[in-house]
Protein chains: 2
Amino acid sequence: MTVADERKGRPAAAAGTDPELACPIGPVVDIVFSRWTTPILWTLHTHGRQRFVELERRITRITPKVLTQRLRQLERDGLVVRTYHPEVPPRVEYEISEFGRSLGPLFAQLAEWAAQNLDTVEEARQAYDGQGAGH
Amino acid sequence: MTVADERKGRPAAAAGTDPELACPIGPVVDIVFSRWTTPILWTLHTHGRQRFVELERRITRITPKVLTQRLRQLERDGLVVRTYHPEVPPRVEYEISEFGRSLGPLFAQLAEWAAQNLDTVEEARQAYDGQGAGH
DNA sequence: CGGGATCCCAAGCGATACTG
DNA sequence: CAGTATCGCTTGGGATCCCG
């Protein structure tokens with residue numbers, strides 16, 4: 001199931017003395033930035049409602065099993081809506097929920113940061129690897 | 001939210017198509033939202049420059065080995081600055097780099113989303129678990 | 001088509017011991 | 001104090017088979 005599901009959003013707790021996180025964004029990371037969730041949400045966001053196979057094809061390298069797992073998790077968290085059409089052959093469609101769309105600005109800002117600073121990270125890595133080897 | 005819509009033709013870092021992501025924020029997630037990086041960056045952000053043990057104590061449950069690994073990664077990516085003081089006993093201090101501070105607004109927005117919507121997620125989970133089990 | 005069940009392996013992390 | 005090195009377990013994910 002969920003990797004670290006012990007975290008419960010307890011509103012009563014004071015500024016997080018939670019076990020492994022002294023920060024309030026730990027739980028969000030688990031929810032939104034788990035292993036495959038970001039590509040899934042992004043694909044659903046850009047291509048709208050689509051079927052299981054479409055997701056499978058667009059998100060390369062993901063296996064159906066994992067795709068199902070993540071999709072279930074996102075559905076459970078209310079970020080994705082799953083619609084089952086009892087036809088032959090069966091048809092299932094996934095889309096971002098209204099609640100899931102509240103992540104829009106966040107993703108946009110994230111994408112913007114990526115566009116502006118990703119190469120800086122790359123430079124930092126090369127610099128580190130270059131003279132970091134000599135220590 | 002269509003900020004990065006036009007930069008889809010971004011050349012991949014390595015050769016070929018990007019492995020696991022049809023989305024431009026995949027790499028950022030790896031850099032910023034890896035396993036322990038969020039608590040580390042948050043702690044460094046809120047408590048300023050501090051030593052290894054301080055980080056170790058504040059980020060509960062993290063082992064020194066993993067803390068070192070993540071710290072090295074963050075240093076390599078240019079988000080964290082490591083300062084070694086050749087004393088006896090040795091003293092090492094960590095702080096967020098200038099570049100790392102560019103993540104500030106992002107974290108703020110993330111924290112805000114968490115504060116507003118985390119209980120919604122919890123409700124969705126309970127609803128899902130409640131009647132999802134009977135299905 | 002859209003999965004669930006099973007087996008299995010590789011990565012990640014914890015625990016422990018040791019160094020400068 | 002601030003790590004590095006090694007071992008061993010836990011776990012996520014791939015591969016395969018099968019069902020509705």
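The side chain of Arg51(B) places an N or O atom within less than 4.0 Å of a non-bridging phosphate oxygen (OP1 or OP2) of dA2(D). For the pair Arg82(B) and dG3(D), the criterion of a side-chain N or O lying under 4.0 Å from OP1 or OP2 is met. Between Thr63(A) and dG13(D), a side-chain N or O to OP1/OP2 separation shorter than 4.0 Å is absent. The side chain of Arg61(B) places no N or O atom within less than 4.0 Å of a non-bridging phosphate oxygen (OP1 or OP2) of dG14(C). For the pair Tyr94(A) and dG3(C), the criterion of a side-chain N or O lying under 4.0 Å from OP1 or OP2 is met.
Using a distance-only test at 3.5 Å, with no hydrogens or angles considered, a donor-acceptor pair links the side chain of Gln50(B) to the main chain of Gly48(B). Side-chain N or O atoms of Thr37(B) include one that pairs as donor or acceptor with a backbone N or O of Val32(B) at under 3.5 Å. No donor-acceptor distance shorter than 3.5 angstrom exists from the side chain of Thr43(A) to the backbone of Leu55(A), with no hydrogens or angles considered.
For the pair Tyr84(A) OH and dG2(C) P, the interatomic distance rounds to 10 Å; values are reported in whole Å. dA2(D) atom P lies 10 Å from atom CD of Glu87(B), rounded to whole Å. Between the CG atom of Asp30(B) and the C1' atom of dA11(C) there is a distance of 14 Å, rounded to whole Å. In this structure, Leu67(A) places its CG atom 12 Å from P of dG13(D), rounding to the nearest Å. The interatomic distance linking Glu56(A) (CD) with dA15(D) (C1') rounds to 13 Å, in whole Å. Rounded to a whole Å, the CZ atom of Arg70(B) is 14 Å from the P atom of dT4(D). Here the C1' atom of nucleotide dA2(D) and the CD1 atom of Ile62(B) are 14 Å apart, to the nearest Å. Protein atom CD of Gln69(B) is 14 Å distant from nucleotide atom P of dT6(D), rounded to whole Å.
Nucleic acid contact for Pro64(B): none, since no nucleic acid atom lies under 4.0 Å from a heavy atom of the residue.
Closest to the Thr68(A) side chain, of the nucleotides dC1(D), dG4(C), dT4(D), is dG4(C). Candidate nucleotides dG3(D), dC13(C), dG3(C) were compared by shortest atom distance to the side chain of Phe52(B), and dG3(D) ranks first. Residue Lys65(B) has its side chain nearest to dC7(D) when only dG14(D), dG3(C), dC7(D) are considered. For Val92(A), taking side-chain heavy atoms from C-beta onward, the closest of the listed nucleotides dG13(D), dG3(C), dA2(D) is dG3(C). The side chain of Arg72(B) has dT4(D) as its nearest neighbour among dG14(D), dT4(D), dA2(D).
Ring geometry for Phe52(B) against Tyr94(B) counts as tilted: the plane angle lies between 30° and 60°, on a 0 to 90° scale.
Arg70(A) CZ to Leu41(A) CG: the interatomic distance, rounded to the nearest 0.5 Å, is 11.5 Å.
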